[in-house]
Amino acid sequence: MKLLSLIFSLILLMPSASKATFNKPLASDVGADYRIESLEPNLHMYLITVSVPNPDAQPTIDFILPAWRPGRYQIQNYAANVQEFKAKSGDTSLAFEKIDKQTWRVFTQGKSKVSVQYKYYAGGQLDAGNSYVGRDEIYFNGSNLFVYTEATRFKPVRLYIDYPKGWKVATQLERTDNPHIFTAETYDDLIDAPTLISPTMVTYEIKVKGATIYICFKDKAGLGGYQFNEANIKRDIAAVVEAQFNLMQDVPFKTYYFIYHILPIPFAHGVEHKNSTSIVLGPADKMNENYGRFISITSHEFFHVWNIKRIKPKEFMPYDYTKESYTPMLYVSEGFTSYYGDLTLVRSKVWTAQNYLNDIADGITNLQNTYGRKVQSLALSSFDAWLSGYGAGRANSTVSFYSKGELVGMILDLELRYRTKNKHSLDDVMRFLNEEFAKKNRGFSAKDFQEVVERFAGSSMQSFFDDYINGTEELPFETALGYAGLDLQKMLSPQPYTGITVGVENDFPVVKGVVPESPAAKIGLDYGDMLVAINDNFLLKQSLSTALGYFKAGDSVKVTIQRDGKLHEKTMRLEGNYFYTISKKDNPTRLQREICESWLACKWNEL
C-alpha cells in the first residue's frame, strides 16, 4: 500500500497562504507543520511528526495532547495510545520529559525549529469520535492524536494528505487547488474536522437554500433496501436540513458533510462538528427496519450546527482540552438538541405527528421509570457529566441530561407558547441565542439563558428553573401537553413491577440492582442474591420476567433466594408497572389547537 502522509502546517492569514510550498522554511509568525503516516494497516498505527518554529529561542516548548474531545464530556486519555515519542531539531536529538499524562516538554537548546515524532495506535472498535486506520480506510478525529502548543493553537492550519490514487476524501476542512492540501483557521478547527478517506466511499449530493450537502458512506453496506436507499435518504435529509434552516433563519455554511459508517454489528453513535457530523450505525442488515433511528440521529447531529458548535456555554469559550470543563448547561446543549432533532422530523413531514407523540410518550415512560430523577437535578446531571454521564454513574442516583433535557425542552416550549398566547416559543429563544451570543462570539451562562427565556415569556420563570432545572420536582407533563390540547394517559402494564435488575449466573437469575422504594427494596433484596424460586416455581434456566408473567400488580409472591450459601424465603407484594400514551382532547379550545398546530407544524385533523 502506498505510504500515506498527512502534513499540517499553520500559515499566514492571507490569500496566497493556501498555495504556499510545504518545504518553505517556517517564518517567525507561522505555526506548526503536522505530518501523519500510516504504517502497515494491519498494525493500525500512525506515525506523526509535528514541527514548530521557535523564533524567540524559548528554552522549552510543551507539546500537549487533548485529554477529551468536544461532544463527549468524559476524560478520554488519548495519550494512552501514544508510544515512542522523540524530539529533534534537524539532525540533532533533543531531550524531553513527560510532565503529566498528556504533555511532553522539549528542551530546545535554543533551536529555531523543533520537531517531535511519535506513533499513535488507531485500531480499536471504531466509533464516531475516535480514529482508525486499516486496509481500506483512514479515519481520524484530530482531537485524538494531534498535539499542539500554546503558541500555535490559534494560528491558521494547512493539511496535506498523501492518500492512494483513487481514494475519496470527506472532510469539512477547506479545499485548495491542490487536491491533497486542505486548510483550517486554527488548531481547534483542524481537530473539529473528522476526516474519512476510502476507495469504497459512496457519496450523494443535495443542495438546500444555496448550501451543498454531501452525504458520505464509508461503503455501500446496508444501502439499497426498500427503505434505506438513495432516494429516501436524499429526500429526508434535504427536508431535515431545510426545516432547521427555516427554524434558525440561518444558513451558516456553504458546504456540510454527513459522514457515515454502517457496521455489521449493532451500534449507534454520533458526534457533532461545526460543518459536519460523523455517525456510526448498525447492523447493516437491519438498516431498513432501523431507518427511523438513522434519520433521528441525523437530525439530532445536524441541529448541533447551531446548538453547541456555535451557541456555546461560556465555560467552553475557549475549550480547555487538558481537563474537565464543568457547565450546568448540557441539558440545553444536548437535551434541547434531542428535542429539536425529533421535532424537526414531524415539522418536515418525515415523521407523522402521531409517530412523534408516541416517541415523546416513550420518553416520558422511560424517565418516570428512572429513580434517579428523584435524586439528581438536570443542572447537576449536566455539571456531573464527567463523573456520571454516559452510563458511568449509578442508575438509582443519576438522570440523563439528554433524555430529561429533551422533555424539559418540550415543556418549556409549550409553557412559553401558553404564557404568550402562542406569540413566542422556545424557537425564539434559540434564534436569539444564535444572533446575540453565537454570532457575537459570546458564550452564554445559566443566568443568561434564564434571562433570555424570561425575555420571551414576559414574566418570571424562576419557579420553573427552581423546580425542574435546579430541583427534582416531577415534571408537569399533563399540564404542558394540555396547553396543546393533548391528554397524557398512564396505563398499567401487564408485567408487574419488582424494582430488580438481574443477570444470570449458573443458570439462575441473580440480583444486579435494586431500586429504592421498590417491592424488592422493601423486602431487603440485595446485590448478589440468587433468585431460586417464585412461589416454589424453580427458576433454573427461566427468566424472572417469565416467572412473573403469571401474576399481576397487588399479588403477593414467595421469593426464595440464596444468600451467603443459605436459602431464605421472603414475601414480596408486586406493584404496578406503568407506561404512557398521548392522545387528542375531544373538545380543545381554540388556543390549544393553535398551539398544537404551530408547535408540530401540522393541522389538528392530521393528528
Side-chain angles (χ1 to χ4, degrees), residues 265-268 283 286 289-290 292-293 358-376 388 390-400 403-404 474 477 488-582:
I265 60 174
F267 212 89
K286 298 293 183 182
E289 295 88 336
N290 293 332
R293 182 177 65 172
N358 291 344
D359 190 67
I360 289 294
D362 289 344
I364 293 172
T365 298
N366 290 334
L367 179 66
Q368 295 307 106
N369 285 300
T370 301
Y371 188 83
R373 79 187 191 282
K374 300 180 179 182
V375 177
Q376 187 182 52
S388 57
Y390 310 99
R394 290 177 289 114
N396 293 330
S397 63
T398 60
V399 69
S400 168
S403 55
K404 186 175 181 180
E474 293 286 13
F477 296 115
L488 181 70
Q489 295 89 25
K490 185 177 181 179
M491 313 292 288
L492 182 64
S493 171
Q495 185 77 16
Y497 173 68
T498 64
I500 308 172
T501 55
V502 298
V504 176
E505 295 179 12
N506 298 319
D507 293 329
F508 281 94
V510 175
V511 175
K512 296 299 181 181
V514 178
V515 176
E517 304 178 23
S518 67
K522 292 173 183 176
I523 65 170
L525 291 188
D526 196 2
Y527 180 92
D529 289 343
M530 178 177 285
L531 304 178
V532 177
I534 298 290
N535 275 9
D536 297 323
N537 177 23
F538 209 38
L539 297 181
L540 178 67
K541 296 184 178 180
Q542 185 177 178
S543 72
L544 179 63
S545 60
T546 299
L548 293 174
Y550 300 101
F551 304 97
K552 63 183 184 300
D555 289 345
S556 292
V557 296
K558 181 175 70 175
V559 181
T560 305
I561 66 170
Q562 179 178 287
R563 178 188 293 172
D564 300 328
K566 298 179 181 179
L567 292 177
H568 303 268
E569 290 185 352
K570 298 176 178 289
T571 300
M572 178 166 61
R573 189 172 187 274
L574 302 174
E575 297 180 2
N577 204 10
Y578 295 94
F579 66 96
Y580 294 82
T581 63
I582 299 172

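Counting begins at 1 with the first residue of the sequence. Values in this document were obtained by computation on a predicted structure and should not be read as measured data.
- No side-chain donor-acceptor contact under 3.5 Å links Gln562 to the backbone of Met530.
- A heavy-atom distance below 4.5 Å is not found between the side chains of Thr581 and Asn358.
- Residues Gln368 and Phe477 are in side-chain contact: their nearest non-hydrogen atoms beyond the backbone lie under 4.5 Å apart.
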(message) side-chain contact (heavy atoms from CB on, under 4.5 Å), that's the test. Do Val399 and Leu367 meet it? Break it down for me.
(response) CA-CA 8 Å; Val399 69; Leu367 179 66; 3.7 Å; yes
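- Within the 4.5 Å cutoff, the side chain of Ile364 has heavy atoms near those of the Leu488 side chain.
- Between Pro509 and Leu544, the closest heavy-atom pair is CG-N, 4.4 Å.
- Nearest heavy atoms, Phe551 versus Ile534: CE1-CG2, 3.9 Å.
- A 6.0 Å sphere centred on CZ of Arg563 holds more than 12 heavy atoms belonging to other residues, nucleotides or ligands.
- Using a 4.5 Å heavy-atom cutoff, the side chains of Phe508 and Leu531 are not in contact.
- Ser388 and Thr398 make their closest contact through CB-CG2, 3.6 Å (heavy atoms, listed as atom of the first residue, atom of the second, distance).
- Judged as a salt bridge (Lys or Arg N to Asp or Glu O under 4.0 Å), and not counting sequence neighbours, Lys286 has no contacts.
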(request) Please report the C-alpha distance between Lys558 and Asp536 in whole Å, then the side-chain angles of each, then the deciding distance to 0.1 Å, and finally whether the salt bridge (charged side-chain N to carboxylate O under 4.0 Å, His left out) criterion is met. (result) CA-CA 7 Å; Lys558 181 175 70 175; Asp536 297 323; 2.9 Å; yes
(request) Test Lys552 against Glu575 for salt bridge (charged side-chain N to carboxylate O under 4.0 Å, His left out), laying out the working first. (result) CA-CA 8 Å; Lys552 63 183 184 300; Glu575 297 180 2; over 6 Å; no
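- Between Leu539 and Ala547, the shortest heavy-atom contact is CD2-CB, 3.5 Å.
- Surrounding OH of Tyr550 are at most 12 heavy atoms belonging to other residues, nucleotides or ligands under 6.0 Å away.
- Remark: side-chain polar atoms of Asp529 are paired, donor with acceptor, to backbone N or O of Asp526 under 3.5 angstrom.
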(request) Given side-chain contact (heavy atoms from CB on, under 4.5 Å), test Met491 with Tyr580 step by step and report yes or no. (result) CA-CA 6 Å; Met491 313 292 288; Tyr580 294 82; over 6 Å; no
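- Partners of Glu289 according to the salt bridge (Lys or Arg N to Asp or Glu O under 4.0 Å) rule, which considers only residues two or more places apart in sequence or in another chain, do not exist here.
- Two residues are said to be in side-chain contact when any heavy atoms from C-beta on lie closer than 4.5 Å; Thr571 and Val559 fail this criterion.
- The shortest non-hydrogen separation linking Tyr578 to Thr365 is O-CG2, 3.8 Å.
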(request) Carefully, step by step, assess Asn577 and Leu492 under the rule side-chain contact (heavy atoms from CB on, under 4.5 Å). (result) CA-CA 6 Å; Asn577 204 10; Leu492 182 64; 5.7 Å; no
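- Other residues, nucleotides and ligands place no more than 12 heavy atoms under 6.0 Å from the CZ atom of Arg394.
- Side-chain N or O atoms of Asn396 include one that pairs as donor or acceptor with a backbone N or O of Val514 at under 3.5 Å.
- Between atom OG of residue Ser518 and atom CG of residue Leu574 there is a gap of 11.0 Å, rounded to the nearest 0.5 Å.
- Listed by first and then second residue, the side chain to side chain donor-acceptor pair (under 3.5 Å) pairs involving residues 490-507 are Glu505-Lys512 (not counting sequence neighbours).
- Classification of Lys374 and Glu474 as a salt-bridged pair fails, no side-chain N sitting under 4.0 Å from a carboxylate O.
- Between Ile561 and Lys570 the shortest side-chain heavy-atom distance falls below 4.5 Å.
- For the pair Thr370 (side chain) and Arg373 (backbone), a donor-acceptor distance under 3.5 Å is absent.
- With rounding to the nearest 0.5 angstrom, the CD1 atom of Ile523 is 10.0 Å from the OG atom of Ser556.
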